[in-house]
Amino acid sequence: QVQLVESGGGLVQPGGSLRLSCAASGSIFRINTMGWYRQAPGKQRELVATITSGGSTNYVDSVKGRFTISRDNAKNTEYLQMNNLKPEDTAVYYCNADIRARSSSFYRTYWGRGTQVTVSS
């Protein structure tokens, strides 16, 4: 059973920083692309950033220069460093990853349950 668990959310003032973590566990053969999404109240879930197994990254324009995605392949963990946070960054943040389990020949996309990030003074 493969699962993703996020941590690191919370309440922060505008201009502050948070670091989110997402650990994949279970019977994992290999992890391909990992990513972070977010969903604000009343809005659709949107892509925030992705990182390939080789380390190539991609960001939505609204977070470029403020957020940094990274991963530790040895720990099956990805991170999202969020700096200069703004109230419009308030959302539930979800991690996802394309994972091939040891029992499978195919990759499947797994999702975490989400962690709340609130930016407010």
ask   = Under 6.0 Å from the CD atom of E88, do we count more than 12 heavy atoms belonging to anything else shown?
value = yes
All heavy atoms of L80 vs all of A49, minimum pair found to be CD1-CB, 4.5 Å
query = Out of curiosity, does V60 fall in the hydrophobic cluster containing V117 (side-chain heavy atoms, cut-off under 4.5 Å, transitive links)?
reply = yes
- Task: Indicate if V92 and V48 have the same hydrophobic cluster label, given that clusters are the connected sets of ILVMFWY residues with side-chain heavy-atom separations under 4.5 angstrom.
- Result: no
Exercise. Answer yes or no: is there an ion pair linking K86 with D89, defined by an N-O contact shorter than 4.0 Å?
Key: no
Any salt bridge linking E6 with R113? Criterion: basic side-chain nitrogen under 4.0 Å from a carboxylate oxygen. no
When you look at L11 and S120, which way does the side-chain contact (heavy atoms from CB on, under 4.5 Å) test go after all the steps?
CA-CA 7 Å; L11 172 64; S120 175; 4.2 Å; yes
Any side-chain donor paired with an acceptor under 3.5 Å for [X] and [Y]?
| X | Y | value |
| --- | --- | --- |
| T77 | D72 | no |
| E78 | W36 | yes |
| S17 | N83 | yes |
| N32 | R30 | no |

I'd like to check [X] versus [Y] (side-chain heavy atoms, cut-off strictly below 4.5 Å). Are they in contact?
| X | Y | result |
| --- | --- | --- |
| S56 | I51 | no |
| L85 | F67 | yes |
| N76 | I31 | yes |
| T68 | Y59 | yes |
| V119 | Q13 | no |
| E46 | R38 | yes |

In Å, rounded to the nearest 0.5 Å, how long is the span from [atom1] of [X] to [atom2] of [Y]?
| X | Y | atom1 | atom2 | answer |
| --- | --- | --- | --- | --- |
| L47 | N58 | CG | CG | 6.5 Å |
| T57 | K64 | OG1 | NZ | 9.5 Å |
| D98 | R108 | CG | CZ | 11.0 Å |
| K75 | S21 | NZ | OG | 9.5 Å |
| T109 | M34 | OG1 | CE | 11.5 Å |
| F29 | S103 | CZ | OG | 11.5 Å |

Next item on the list: Dump the intermediate steps for side-chain contact (heavy atoms from CB on, under 4.5 Å) on L4 and I99, then the final yes or no.
Entry: CA-CA 10 Å; L4 301 180; I99 298 175; 4.0 Å; yes
The complete set of ring pair (Phe, Tyr, Trp, His ring centres under 6.0 Å) pairs with one or both residues in residues 78-108, sequence neighbours excluded, reads none
So disulfide (SG to SG under 2.5 Å) across residues 34-121, not counting sequence neighbours, yields C22-C95
Are R45 and Y37 in a cation-pi contact, defined as NZ or CZ under 6.0 Å from the six-membered ring centre and within 45° of the axis? no
* Just by distance, do the side chain of T90 and the backbone of P87 share a donor-acceptor pair under 3.5 Å? -> yes
